[in-house]
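Working notes, beginning with the structure itself.
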Amino acid sequence: NGVWPVGGSGPAIAAPTIVRRANMAISESGVVHILDVRDTGHHIVRSFQVGVWQDLGGSPLNGLPEQLVPSASDVDISMINGNIPIVAMSAATTTGVAGAKIYVLEYTGGGSTGWSTIGGQVSDAGGPAIDPRLTVQNGTIYVTYSQDQGSDVSAVHVKRWTGSAWVAVGSASFTGVTSSQPTPVLTGTASGELYLAYRSAANGFLVQQWNGTSWTQLGSNLLDDPGDLGGNISIALISGTPYVAWNEFAGGQSHVNLAHWTGSAWELDPQAAVSAGTDRVRLTSTGFTPWLLYRRQASIPFNLIVSILD
């Protein structure tokens, strides 16, 4: 009916701790999982079970040389085998991006750690790698991330896990993206189609489709007003249709937009939120229903808000 009621608030984070980054995934059994990163660079995964938020193991990066998430990097969480959480994180020895690498980790259950890496380091040698995003399709894990090329230019990479190694999807990454932080996001289908969205300073938000052999751009800039500033973007498939949600800033306000692909163009859906302090939008779905996670920062403590489109 075009209304976004609040489906439940995530746990407030008491001052002085601030949620810098967060993402969510929903298991096949309907359990909501949230991965968040604090202002200290530390991180935790929580699940909402029997009306209570519960921590899952310790820090996912325990046991690695790099144990802090850079403050400039996003994080992601997904599910394998229906109900097992996996996370993708940029890891460094400090909260800065210097030397940052991408890892994907699987929840193994219990203990102070409870997490193990899948295939070791995902990112290639070179500049700092940040902003990983996951999708799992027909049992295959895909991850995208951006890697600094110098001079405020980044490359967007997409890789898949073969069971023994991380390999590139397509013959090359998206190089020369004219943005120092394109914050790519990824989703796909069981048949192997992938949809990649990212920020380009020259063209706002763009979406690319992988058909199994090549990448093709869908439509043009997603910003509803080219003069606005784009924040971050999220993408999901709902009943086979690509949907994207993003933050857009204009006139001191931040609004959360939702749009879907009609087959020839992007069509706007009802706005989910308008606020001076709304950001960090994340989109997922169950069946026909879009779910949104976003951060509301009108005051401290900040809150994570979960909404659904009725």
Side-chain angles (χ1 to χ4, degrees), residues 4 7 10 19-26 32-37 72-79 86-90 130-137 142-146 156 158 179 181-189 194-200 204-210 218-219 221-224 228-249 254-261 266-275 278-286 288-297 304-309:
W4 285 91
V19 175
R20 294 296 185 189
R21 310 284 171 170
N23 216 330
M24 72 175 177
I26 303 171
V32 177
H33 294 72
I34 290 179
L35 164 65
D36 69 61
V37 179
S73 179
D74 273 323
V75 294
D76 202 9
I77 182 169
S78 188
M79 297 284 163
I86 59 173
V87 298
M89 309 180 87
S90 178
I130 60 173
D131 294 333
R133 287 290 185 274
L134 289 166
T135 188
V136 179
Q137 304 300 332
Y142 297 88
V143 62
T144 183
Y145 59 93
S146 65
V156 174
V158 181
S179 172
Q181 195 167 358
T183 58
V185 290
L186 188 67
T187 191
T189 68
L194 297 174
Y195 295 88
L196 172 72
Y198 57 92
R199 180 173 57 195
S200 171
F205 291 123
L206 301 178
V207 177
Q208 304 273 354
Q209 179 187 28
W210 170 257
L218 298 183
N221 180 11
L222 282 163
L223 293 180
D224 57 358
D228 290 353
L229 298 175
N232 69 296
I233 190 169
S234 189
I235 188 166
L237 288 177
I238 301 173
S239 300
T241 299
Y243 278 72
V244 288
W246 69 94
N247 295 108
E248 193 162 336
F249 303 91
S254 170
H255 53 275
V256 177
N257 273 347
L258 181 73
H260 67 274
W261 179 247
W266 293 102
E267 182 175 306
L268 283 172
D269 292 278
Q271 286 183 349
V274 179
S275 170
T278 299
D279 66 358
R280 309 299 188 208
V281 63
R282 300 291 183 265
L283 175 68
T284 188
S285 68
T286 51
F288 297 94
T289 304
W291 287 67
L292 275 174
L293 171 72
Y294 55 92
R295 186 177 70 166
R296 185 171 60 199
Q297 47 177 329
L304 300 177
I305 308 300
V306 179
S307 294
I308 60 174
L309 179 61

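Positions are given from 1 along the sequence.
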Side chain Asn247, main chain Val256, donor-acceptor under 3.5 Å: no
Donor-acceptor pair, side chain of Ser234 and main chain of Leu283, under 3.5 angstrom: yes
To the nearest 0.5 Å, how far apart are [atom1] in [X] and [atom2] in [Y]?
X	Y	atom1	atom2	answer
Gln137	Ser78	CD	OG	8.0 Å
Trp246	Ile233	CH2	CD1	7.0 Å
Arg133	Tyr145	CZ	OH	14.5 Å

Is the shortest heavy-atom distance from the side chain of [X] to the side chain of [Y] under 4.5 Å?
X	Y	result
Leu206	Leu222	no
Tyr198	Phe205	no
Val207	Pro242	no
Leu196	Pro184	yes
Val136	Ile86	yes
Pro132	Thr144	no
Leu134	Leu186	no
Tyr195	Leu237	yes

Working for side-chain contact (heavy atoms from CB on, under 4.5 Å), residues Thr241 and Tyr243: CA-CA 6 Å; Thr241 299; Tyr243 278 72; 3.9 Å; yes
Contacts of type side-chain contact (heavy atoms from CB on, under 4.5 Å), residue Ala25, not counting sequence neighbours: Ile77, Met79
Steps toward side-chain contact (heavy atoms from CB on, under 4.5 Å) verdict (Ser146, Thr183): CA-CA 7 Å; Ser146 65; Thr183 58; over 6 Å; no
Val244 and its side chain to side chain contact (heavy atoms under 4.5 Å, CB included) partner, picked from Leu218, Ile235, Asp269: Ile235
Residues forming a side chain to side chain donor-acceptor pair (under 3.5 Å) with Glu267, sequence neighbours excluded: none
